[in-house]
Amino acid sequence: MDLVLVVEQLNVVQEPVALQIGTDFADGRGVAECMRQDGEHCRSMASHGGAAYWGCRLARKQHAGAANRGCSWVADKCRMRLRQGNWWWTGLFGLHGNWHLSGKQGENNLLLTMHDLVHDLARSIMEDEVLDASTQCNVGGRNCRYALLADSSKPLKSFLTYPEKNLKNLVQLDLSGILSSSERSDVTKSILDSISTLSSLEHLDLSRNIHLDNIPDSMCSLRKLHTLDLSDCENLRGLPKNMGCMDNLKFLIMKNCSNLDMTTLPSNNCLIPLPNFVVHAKDGDQSCNLILLEDVNPQELEISHLENVPSIEDAWRIQLREKSSMVKLTLDWTRETKGFLQDMELLRELVPPSSLNEFLLQGYNGVSFPTWLMDIEIYLPNLVSVTLKGMFQCSSLPPLCQLPNLEKLTLEEIPSLRKIDRSFCSYNMKAFNKLKELTISKMENLEEWSTTYSCDEGIADQFMFPNLEYLTISGCGKLRVGPSPPRVKEFWDITDSDGVLQQWSEMPTHAVCPTSSALVNGLSVSSCTVPLHKWKLLHHLPGLTKLIITDCNDLSSSPRITRALGSLELVILGLLSELPCWLEELTSLQILDLRCMDIQGLPEWLGHCLSLKDLRITNCVSILCFPESIQQLISLEQLWVDGCPELVKWCLKEENKIKIGHIAEVRLI
């Protein structure tokens, strides 16, 4: 894999720009004429254009950007905010036809074809500041600020220990996804220690190094470091104790660092951790660090501990609404913590930008909502995903039905909300037309969900969420759904919500909506205390092909319920103490997956499941052997045994290999 060291301070960017190197020439003018006219313009671009121009300088000839790491550097890194530098992109693209743009509007890439001589000119202008250590050429100077190290035949550390005179002025280093799992921890530490010698480094990208678990203290010697990107370092545990002494460190990007101990964050009043920004008061509780976000325009932002904001002025100063690059925002108050301001008063000032696609509001303790939420279709018309969570005082919700593009909605821990009825749709015929995923979780006092509504008298009832594909209902013990099951096209997950399973009649009624759940493919039921023969919902799911049952007490069936399960093709059972005997009556069953089952053995009637093609057994340590009837499963094509040591031993015995010899693929792990 090629390694690219990217140098030069870059602005935060939104849309990638891909550079395609080639020999195309847009017009018919002579090369010499173009170069004469463009030379001084190129030099101007060199001084103002920064990274994009030097991306051209580093890129190699006659390679498409997508196929070459040296060129794809530009796609990854040369991104600018329009208000801070797009003018020189326009100037660079206007070089008398030496540059050719292509790409459709709305796409995320812009392809640029550059004449070879423009490429050579860029190299000549910056010959002393660019190091190219690829196998094709070996150009470098003493004042290196940009580096292309693309010789994958050499170990990574050899680049970092390149003659010091060449790399002492290195400004930006991109090692995203470079530190592999094959590297020993001491080798990784040695590499990072080598980086700490690059005293001019301002931007360091260590993102996507999923095996990186710590940052050595030696990194704190990078006193000029301005930005440290640790995104997607999933196994990173902590940060160096002395990181707070890095006075120039302003941006610490920690997206998807799920195992990071947040208590190790440096106590630097000027540091901006992104996207997870934690508000803390300072100066005797008269101000807070929220104002650090004033000049920041990230794509994603999570502001937590909002109870620590002491004044409305701090919230107003950051001008959240003007951050046009933002597509994902979380506003989070700490539960059961009294703040300086009323939640409603503060939320009124935190108006998100209209560019927002995903919005999460958590811990809000107001009774009502500000204007921008009540007129949400005007302020946030592009929302695709909304999550409302931990709002303990709200007995009603904003008019989310007004959002024309909403595809995903999550409602969690809103204990004062007791019903979701027709008013939730504002009697709008087009309400929630694009909603695909709905999650209702931990709504302990929610009692009613009216799945249909009518806009006017005499007009047939409509489904509240007509195009749902995935529905999750969890921790809603009092919930009753009606008058018919919701229309769900793909999968329905029910956890610890017994009423949703047993409230129905045994005979499905088509009086209201005859196609209510005919399209449901899968159902998952977890933590249910009601016996299976009382799951009357199953009578209303005639097209069910997948059933997952986990941690349920009683799977005793009835003839009517068993008939309702007749179309099942896949059954997954987990955390159960018995294997239900109705499985042998499922004539369409093709896949049986047993997980963490506390059973002593498999029954002989398993051999009656003649349609079975795939049998998977995982972490069922009590199962010692297969029954003799396994030889009757002549349609069985795959057997998978994982985490069942005794059963694996049984399969490996010579006398038992004959019993499973008819199975085409046997995997023992």
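Numbers here simply count residues along the sequence, with the first being 1. These numbers come from the heavy atoms of this one structure, side chains and all, not from hydrogens, waters or symmetry mates.
Interatomic distance, Leu568 CG to Thr545 OG1, rounded to the nearest 0.5 Å: 7.5 Å. Here the straight-line distance linking atom OG1 of Thr227 with atom CG of Asp205 works out to 10.0 Å at 0.5 Å rounding. To the nearest 0.5 Å, atoms OG1 (Thr337) and CG (Asn308) are separated by 8.5 Å. In this structure, CG on Leu411 lies 6.5 Å from CG on Leu438, to the nearest 0.5 angstrom. With values rounded to the nearest 0.5 angstrom, Met344 atom CE is found 4.0 Å from Ser368 atom OG. Separation of atoms CD (Gln402) and CG (Leu383) is listed at 12.0 Å; rounding is to 0.5 Å.
Remark: the backbone N or O of Pro381 is paired with a side-chain donor or acceptor of Asn405 at under 3.5 angstrom. Judged by distance alone, the side chain of Gln503 and the main-chain N or O of Val481 form a donor-acceptor pair under 3.5 Å. Between the side chain of Asn467 and the backbone N or O of Asn433, at least one donor-acceptor pair lies under 3.5 Å. When atom types are taken as modelled, the side chain of Ser355 and the backbone of Ser324 share a donor-acceptor pair closer than 3.5 angstrom. The closest donor-acceptor contact from the side chain of Trp316 to the backbone of Ser311 lies at 3.5 Å or more, if one exists at all. Using a distance-only test at 3.5 Å, with no hydrogens or angles considered, a donor-acceptor pair links the side chain of Asn357 to the main chain of Asn382. Under the 3.5 Å distance criterion, the side-chain polar atoms of Asn235 are matched with a main-chain donor or acceptor of Ile210. A side-chain donor-acceptor contact under 3.5 Å links Ser497 to the backbone of Thr495.
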Evaluate the criterion side chain to side chain contact (heavy atoms under 4.5 Å, CB included) for residue pair Ser588 and Ser567; output intermediate values, then yes/no.
CA-CA 6 Å; Ser588 298; Ser567 58; 5.8 Å; no
Please step through side chain to side chain contact (heavy atoms under 4.5 Å, CB included) for the pair Leu329 and Leu350, ending with a clear verdict.
CA-CA 11 Å; Leu329 174 66; Leu350 296 174; over 6 Å; no
Side chain to side chain contact (heavy atoms under 4.5 Å, CB included) between Thr451 and Met464, intermediate numbers included
CA-CA 5 Å; Thr451 57; Met464 183 175 290; 5.6 Å; no
Stepwise side chain to side chain contact (heavy atoms under 4.5 Å, CB included) check, Trp492 with Val500
CA-CA 11 Å; Trp492 189 352; Val500 178; 3.8 Å; yes
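Considering Glu302, Glu300, Gln299 in turn, Glu300 is the only one that fulfils the side-chain hydrogen bond (donor to acceptor under 3.5 Å, both in side chains) rule with Lys255. Here the options are Asp332, Ile272, Val296, the test is side-chain contact (heavy atoms from CB on, under 4.5 Å), and the partner is Phe277; only Ile272 passes.
Contact detail for Cys257 and Leu230: the closest heavy-atom pair is SG-O, 3.0 Å. Contact detail for Arg480 and Gly499: the closest heavy-atom pair is NH1-CA, 3.3 Å. Residue Leu292 comes nearest to Leu271 through the heavy atom pair CD1-O, 3.7 Å, listed as atom of the first residue, atom of the second, then distance. Here the shortest heavy-atom pairing between Cys528 and Leu501 reads SG-CD1, 3.5 Å. Ser484 and Thr452 get closest at one heavy-atom pair: OG-CG2, 4.1 Å. Across every non-hydrogen atom of Glu444 and Pro415, the tightest pair is OE2-CB, 4.3 Å.
A heavy-atom distance below 4.5 Å is not found between the side chains of Phe465 and Pro486. Within the 4.5 Å cutoff, the side chain of Asp493 has no heavy atoms near those of the Ser474 side chain. Annotation: side chain of Leu320 is in contact with side chain of Leu301 (closest heavy-atom distance under 4.5 Å). Side-chain contact between Ile312 and Glu345 is present, with heavy atoms from C-beta onward closer than 4.5 Å. Residues Tyr379 and Leu373 are not in side-chain contact: their nearest non-hydrogen atoms beyond the backbone lie 4.5 Å or more apart. The side-chain heavy atoms of Leu538 and Leu532, taken from C-beta on, include a pair separated by under 4.5 Å. Between Leu435 and Leu468 there is a side-chain heavy-atom pair separated by less than 4.5 Å. Looking at heavy atoms from C-beta onward, Met443 lies in side-chain contact with Ile414 at the 4.5 angstrom threshold.
Phe432 and Phe424 have parallel rings, their planes meeting at less than 30° on a 0 to 90° scale where 60° marks the start of perpendicular.
A donor and an acceptor atom, one from each side chain of Glu437 and Thr439, are nowhere located under 3.5 Å apart. Side chain to side chain, His280 and Asn289 meet the donor-acceptor criterion of an N or O pair below 3.5 Å. Checked by atom type, the side-chain pair Trp333/Asn365 shows no donor-acceptor distance below 3.5 Å. A donor atom on one side chain and an acceptor atom on the other are not found under 3.5 Å apart for Asn521 and Lys546. A donor-acceptor pair shorter than 3.5 Å cannot be found between the side chains of Ser176 and Asp229.
By the 6.0 Å contact criterion, NZ on Lys489 is enclosed, its count of non-hydrogen atoms from other residues, nucleotides or ligands being greater than 12. Within a 6.0 Å radius of CD in Glu448, other residues, nucleotides and ligands contribute more than 12 heavy atoms. When the shell of 6.0 Å around CD of Glu313 is examined, it contains 12 or fewer heavy atoms from other residues, nucleotides or ligands.
The salt bridge (Lys or Arg N to Asp or Glu O under 4.0 Å) test applied to Lys323 returns no partner, not counting sequence neighbours.
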